[in-house]
Every structure is written in C-alpha cells, then in structure tokens.
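Order of the sequence lines sets the chain letters (A, B, ...), proteins ahead of strands, with each chain counted from 1.
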4 protein chains.
Amino acid sequence: MSQQTSRQRAEKRKQAQRERILSAAQTCFMESGFHAASMATIADTAGVSAGLIYRYFENKNAIILAIIDRQLAVLRRRIRELHSTEYLANRIIDYFDEEEPEEEGAMSLVLFLEISAQAARDPQISRALARYDDAVRSELADWLQRSPEQGGYGLDAAVAPLRAFLLLSIIVGLKMHGARDPDVDRAKLRKELERILQALV
Amino acid sequence: MSQQTSRQRAEKRKQAQRERILSAAQTCFMESGFHAASMATIADTAGVSAGLIYRYFENKNAIILAIIDRQLAVLRRRIRELHSTEYLANRIIDYFDEEEPEEEGAMSLVLFLEISAQAARDPQISRALARYDDAVRSELADWLQRSPEQGGYGLDAAVAPLRAFLLLSIIVGLKMHGARDPDVDRAKLRKELERILQALV
Amino acid sequence: MSQQTSRQRAEKRKQAQRERILSAAQTCFMESGFHAASMATIADTAGVSAGLIYRYFENKNAIILAIIDRQLAVLRRRIRELHSTEYLANRIIDYFDEEEPEEEGAMSLVLFLEISAQAARDPQISRALARYDDAVRSELADWLQRSPEQGGYGLDAAVAPLRAFLLLSIIVGLKMHGARDPDVDRAKLRKELERILQALV
Amino acid sequence: MSQQTSRQRAEKRKQAQRERILSAAQTCFMESGFHAASMATIADTAGVSAGLIYRYFENKNAIILAIIDRQLAVLRRRIRELHSTEYLANRIIDYFDEEEPEEEGAMSLVLFLEISAQAARDPQISRALARYDDAVRSELADWLQRSPEQGGYGLDAAVAPLRAFLLLSIIVGLKMHGARDPDVDRAKLRKELERILQALV
DNA sequence: CATGAATGAGGATTCATTCAT
DNA sequence: GATGAATGAATCCTCATTCAT
C-alpha cells in the first residue's frame, strides 16, 4: 500500500510538472506567439531545464497542440455558459470585455488568433479547430431548439443551426474586433446587442 | 530634361521593385506566416537576390509593417465598398465567401489573423491596427447617418457609431468564423443576415 | 556461514546484472554503433533503470571497453577452434559464412569494425586490440610449428609467425570482404581456399 | 565574355570551397569518426563558418556520403593500379604498408572501417559499398582473364571471379590486419605472399 | 544597382550523467 | 540497491543580415 501511494504521488507530480510546463508555454505563446517563443524561454518560465520538457512532450509541436486543445476546451466551456436568455447579451459583453488572462485555464484572444492563423497552414490544427467548432455549434443549436421551459428559445430545427452559426460569428467578431477599442459605452452596447439578438433568437 | 526623365524612370523602377518584393513577401507570409517565411524565400519568390531586399527595406520587420499597411488599406477599401443598402447582406456574404486570394492587393484572412495576433504584442502594429479601425468605423458611422436619399440609413448620431461598431464586428466574425466551415446554405444565410441587419440599420 | 552465503549470492547477482547490462549494450552497439547507442536504450534493453548502469560501470566508455574485451576474447576463442588441418578451409568458410549473431558471447563483424575503427583513435583500445592480436598470432604460430602427430603442420620456426600473420589476414579479409556479397559458390570457394592454404601450411 | 569569365571564376571558387569542406570533413572523420566529428569542428578545420557548410551540402549525412564516394573511388583506383604481374606482391605490400594519409584524395583505413561499420546499418551506404565492390571485383576478374601478352594471367572464366574475390579478400585482410602490427619483415612477407599469389593467379 | 557568399547568433533536440527518494 | 526525474552541455541546423565583387 505504501508503494501504491508512492506511485500515486509520482503520478501526481508528473501531472503537476506537465501543467507547469503547459502553463509556462501558454504564457510564452501569448507573449511571443507559437513560433517566436523558444523552448529555452518556456523552460525558464517553467523553472525547469530545457531538456526536461522533452520528458513530458515529444517536441514543441506537441506542446502547441496541447495548448490548443486546452484553449479550445476553455472556449467551448465559455460558450456553454452563455445558455441563459435574459443574460445572453450581458454575458457576451462580459466575455468580450474580459482582460487578457494571465492565469492558466482561461481563454486568450491572442492564442485564439494564433491558433486560427496556424490552422490555415497546419491541417492537424485545422482539424482540431473544425472539430471544436462543430461541437460548439451543435451545442448552441441544441440549446436554441429547446423549449423556453427548458431554458431554450424553441427555435425551429430548420433555422437553429444557421442561427447558431450567426450567433457564434457575432460572439467571435465582438471578441476579435472589440478587443481593440474598449472605450465603447457598455450599457448602450448591451441594448444594441439585445436588439440584434432578438432578431436571432 | 533627359536627366530628369531618367531620374523619374529610376524612381519608377524603384517603386516597381518595391512592389515586387512586397508582393512576394505577401505570398510568403500568407503561406508560412510572418515568422516562418524566410528572407531567402521571399527573395526567391520576388526573383531578386537576398541582399537586394535590404536596399528597399531596412529589415524584415519593415517588410512586415509595409505589408500590414497595405493589407489594412485593402481591408478599408473593401469595407467602403459595402456602402449600398440593398446589397449589404449580399456583399457581406460575398466577402466572407471569398477564396483566399493569391493576387496581390487583396485582403487575406490569414494575414489579418497574423496581423491581429502580432498586434497584441507589438505596440507599433497595435497602433496601426487601431488607427485603421477608427477610420473604418467612422466612415461606416458617417454613412449610416447619411439620409436615405444620399444612400445612407438616416441613423441618429447617438447610435450610429455603436451600430457601426457592431456591423464591423459581425463582418469580422463572419469572415473569421465562417472561413472554417463553408458548407452553409448561402441563400438562407443571406435571409438571416438581412433580419439581423434590419435590427441594426 | 549464512552471511557468507548471502554475500556470495549478492556477488553472483551482481555479476548477473553486469552481464545483463553488457549483453544489452552489445545488442545496442551492434544495432546502432558505439556512439549512436544511448544509455537510455541500453537501460531499456537490459530492463533496468538508466541510473543503475552507473553502479556497474563508471561510464559509457567503460561499457564499450568491457564489450571490446569480451568480443576480443570471443574472437580469440573462435580462431583457436580452427586448429585442425583437414577442416581448416571448411572452418574458415563456415566462419566467414556465419550470420551476424544476435546471441551474446558471439563475435559480431559490425562490432569488430566498430572496434577497429575506434582503435585507430583511442590508444587504450588500440593497445587492447594489439594485445589480442599478438596472442592470437603466437597461438597460431605455435600450432603451425607443432608436429603433424601433435595436430600441427611442422612448420619451421623461421616462417611460422609470418604464415600465422598471413593466415589471420586471410581470415579477417574473408570475413570483412565476404560479408558483403554472400552469393559466392561455397564449394568452389573451399577448393580455392585449400589451394591457397597449401601454399601457407 | 568578361561575364562568362566571372561566372566561371565563381564556379571554380564554389568547387574549391566544396573541396575545402570535404577535405576538412575527411580529416575530422578520420580523427573522430562520422558521428563524433561535429559540424562545428569541420567548419573550424575548413576555416569557414558552420552555416556556410549548408550552402554546399544539404546536411551532415550528405557530407558523409560524399566522403564515402570519394574514398571508394580512391580505393578502386588503387586496386586498379595493382595490374602488373611481377610487382603484384610488392604492390600489395606497399599498399598495406602505407601510412594513414593526411592528404586528401588518399584512401584511409580508418575511413574504410568507419564506412564498413556504417554500411551494416545504413542501407544507402551499404548499396554504395556493394556497387563499388562489384565494380572492383569484375575489374580484377577481367584482368585475371586477359592473356599474359595483354598483361593478364589467362585465367579461365570459370575460376577468375572467385580468384578475384579471394585476391581482394587477401588485400583487404592484409590492410586491415596488418595495419595494426607493422614490425613484420617486409622482404620475407613478400616472399610468402608471392607463394600464395602463385596459388591464386 | 545587384549578387550571393559568408557570418554567427539562436533554436530545437538529444543524451551522458547525477542525485533525491 | 534501484529508480527515473532532472540537468545542461553539445549537436545539427536555420536564417536575418552584411559586404566584397
């Protein structure tokens, strides 16, 4: 039993190290981009040696893919949290208002841009992005089709997917475009957004 | 006068060379990204020597900045072309539908992503992007405020800027998000888009 | 006495571990060469941890030297087995015909080449090789000098060393050169070899 | 015409550089082996920067292959020079007697060992070695079959290839084995060698 | 003006070796 | 004894930039 425990401890430590490296990588990628962030810098940031990273990840690309997975998961979770009619506009605004998060586990706009740009070149990343996109869209579509009693909007199955697509586009657009100029009146924006959303849902 | 002419000819040639290099750079940047595209490849693509590039641009970063300028100008021109009520939805759809253009002088999504990602890190690029954004937005706002007789929508000055902001966000979002899944029914999308736009303009 | 026995058991186990490691190293060296075989791979092959190897060998070079010793001993044993007139040609052919042996304790051509190449650079290895060579040669010379009744050829002491040298050269040459093209008629080769050997012994 | 000349000069210089690098590489490979010789050392030895090497060779392996080609060509030329009855024994002895040559373009035993060892692992090298071996063997066989008036030995076509094989094996064996112990009486060795060769040719 | 050879700093990756557990 | 995580030096290779021609 003591051996079992020690093995578990080792496993836990292994996971912790992986996370340390992943977090450091995320920080570096956000600061410099996938390509410009060097393994040495990531190692420094993680407080480990450069060589050690290769015990946890096959190569730099594996780290990038892991970060992408993580980011897409976060993004998906965030989108999922939007499921609530009255607050939809607020939520979207909150979302697009968010500061670039230093803490791990949060979605980063810069990373999303980096990922999208990379997806145009790397088919593996492209596929990951497409998979995530499909999942998020169908979740949104399901939600829009649910009856109001179930927290949905009772949309017709014929239009729901398209509306989900547009909704996502608007969210993405606000996030991308809005991040650049934050002096927009939030209250007014919410009102305008609500008008648009009413045309959608 | 003959000397004058030859000087002009030289100037013209210089401009032509600059353009050649810039176009080659754009092609390479679209294919590989700012970082991964090497000066050697750009030189090859432009059909000039690597050394010659440094007669026209101080360094690689100067090329990147020039490309960014050019791309933002194109983007602005494209947005400007949207000024026409009845076709607004169509135009937006056409725009988001566009293939990644090989020809120079066209806006590239990949480049836009690359630029946006870079802007999060390089303040110089960030400023350029902000400047462009302001310009485009105020143009759009002006247009929305114009009377219908003048081809506008007669929007109130109090809401026009915000609507312009949202309009741009939608366009950007469609472009970014839509590029990933092209099997969306165009006709239906246009209808839905029109409904949203009616809430906006 | 029980302690004595346990100490002996421990010693035996130690020897067994050493052998395990050595065999694994030999396998790896044959597959990848001295330089390209990594300690990690050797450890894996031996089924021990990388760190443990350093309890049995000071460093990688010590392993290489141990392997070289072992291989030279094997080689010497093989040459010794040739001592029998009528079969000499057959034996040599058998020898040069041998497959590269996976089993430990057998001589490997690849290793011999590796060792010889290394000897040209490392004086320690060079000396080991020279020592072995001297020993084998004088054994061969002794044998050649023995009377036919004693199983020898009764060669004169004046020519025996030189003939031993030539005999070894032929064996080495056949081994090295022959290994590359195995479609040679064995029966004919034996006949030719016998003619040559008659000129030698 | 002046341009033509300058282009030729450039071509010549390019060849010269290639040779410089190749020679430096050969020196380093002889001193340290293919694997242990680093690109940095080769660059230093050649008196160029490390990066420059990659303008002349795709990678380190390409250098190794070039060296192998060169060495095999030299070896073949050397074997070809043996074509003369009365001096055959002398020539072989001279050959096996040769110092390890520092000058480029000469065959090196160490390199030959390195090549042979590498051939057991790298199929590309193995093929190169086999090709060369075939060529040398058939040249030797042709020569042995020529009439004495034509400088040959008039051997029967049925035995010539096998004799060529044995002759080469003896040469290789003497070279490899003999290189390790040079205090052998040359005069006596020649005599003995002649006896063997008479059994062969 | 134009070339492209040359540089050298920097990047990803590997691996012998050590050491806390 | 035994492990395997951790180190960091060394290696191959790339690429922006310079400069003699």
Side-chain angles (χ1 to χ4, degrees), chain A residues 2-3 6-7 9-10 13-14 16-18 21 35-43 46-63, chain B residues 10 13-14 17 35-44 46-63, chain C residues 10 13-14 17 35-44 46-63, chain D residues 2-3 6-7 9-10 13-14 16-17 35-43 46-63:
Chain A
S2 120
Q3 203 194 351
S6 103
R7 205 179 286 163
R9 244 200 325 254
R13 176 163 176 70
K14 198 162 180 167
Q17 284 280 49
R18 225 188 109 93
I21 294 168
H35 211 114
S38 81
M39 291 300 276
T41 311
I42 294 174
V48 300
S49 69
L52 188 61
I53 296 184
Y54 289 85
R55 277 190 75 85
Y56 295 90
F57 298 93
E58 201 187 338
N59 50 31
K60 191 181 176 179
N61 209 52
I63 303 183
Chain B
R13 175 167 171 67
K14 193 162 181 169
Q17 283 275 44
H35 206 110
S38 81
M39 293 296 276
T41 311
I42 295 174
D44 269 9
V48 299
S49 71
L52 189 60
I53 295 184
Y54 287 83
R55 283 210 158 268
Y56 296 90
F57 298 92
E58 200 190 338
N59 50 29
K60 192 181 176 180
N61 209 52
I63 302 182
Chain C
R13 174 166 170 68
K14 193 162 179 168
Q17 282 276 42
H35 206 110
S38 80
M39 292 297 275
T41 311
I42 294 173
D44 269 9
V48 300
S49 71
L52 189 61
I53 296 185
Y54 287 84
R55 281 208 159 269
Y56 296 90
F57 298 92
E58 199 190 339
N59 50 30
K60 192 181 176 180
N61 209 53
I63 302 182
Chain D
S2 119
Q3 203 196 351
S6 103
R7 203 179 288 164
R9 243 198 326 253
R13 175 163 175 71
K14 197 162 181 167
Q17 283 280 49
H35 211 114
S38 81
M39 292 299 277
T41 312
I42 295 174
V48 300
S49 70
L52 188 61
I53 296 184
Y54 290 85
R55 278 190 75 84
Y56 295 91
F57 298 92
E58 201 187 338
N59 51 30
K60 191 181 176 180
N61 210 52
I63 303 183

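Secondary-structure annotation of DNA chain E gives the stems E:2-21 with F:2-21, with a stem taken as at least 3 successive Watson-Crick or G-U pairs whose two distances both fall under 3.5 Å.
Considering only side-chain N and O atoms, Arg55(B) lies under 4.0 angstrom from the phosphate OP1 or OP2 of dC1(E). Taking only side-chain nitrogens and oxygens, Arg13(D) never comes nearer than 4.0 Å to OP1 or OP2 of dT3(E).
Every residue meeting the side-chain contact (heavy atoms from CB on, under 4.5 Å) condition with Arg55(C), not counting sequence neighbours, appears here in chain and number order: Leu52(C). Taking Ser38(B) as the reference, Thr41(B) meet the side chain to side chain donor-acceptor pair (under 3.5 Å) condition, with sequence neighbours excluded. For Asn61(B), the side-chain contact (heavy atoms from CB on, under 4.5 Å) test picks out Asn59(B), Ile64(B), Leu65(B), Asp122(B), with sequence neighbours left out. By the side-chain contact (heavy atoms from CB on, under 4.5 Å) test, Ala37(A) is found to be paired with Cys28(A), Phe29(A), Ser32(A), residues two or more places apart in sequence or in another chain being considered.
Looking at Lys14(A), its side chain never comes within 3.5 Å of a backbone N or O of Tyr56(A) through a donor-acceptor pair.
For Gln17(D), whose side chain is taken as the heavy atoms from C-beta onward, the closest listed nucleotide among dA6(F), dT3(F), dA6(E) is dA6(E).
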* Structure fact -> Letter by letter from the 5' end, nucleotides 8-17 of chain F scores (B base, S sugar-phosphate only, - none; protein heavy atoms under 4.0 Å) B---SBB-SB
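Following rounding to the nearest Å, Ile42(A) (CD1) and dG11(E) (C1') show an atom-to-atom distance of 11 Å.
At a threshold of 4.0 angstrom between heavy atoms, the contacts of Tyr56(C) are confined to the sugar-phosphate backbone, with no base atom among them.
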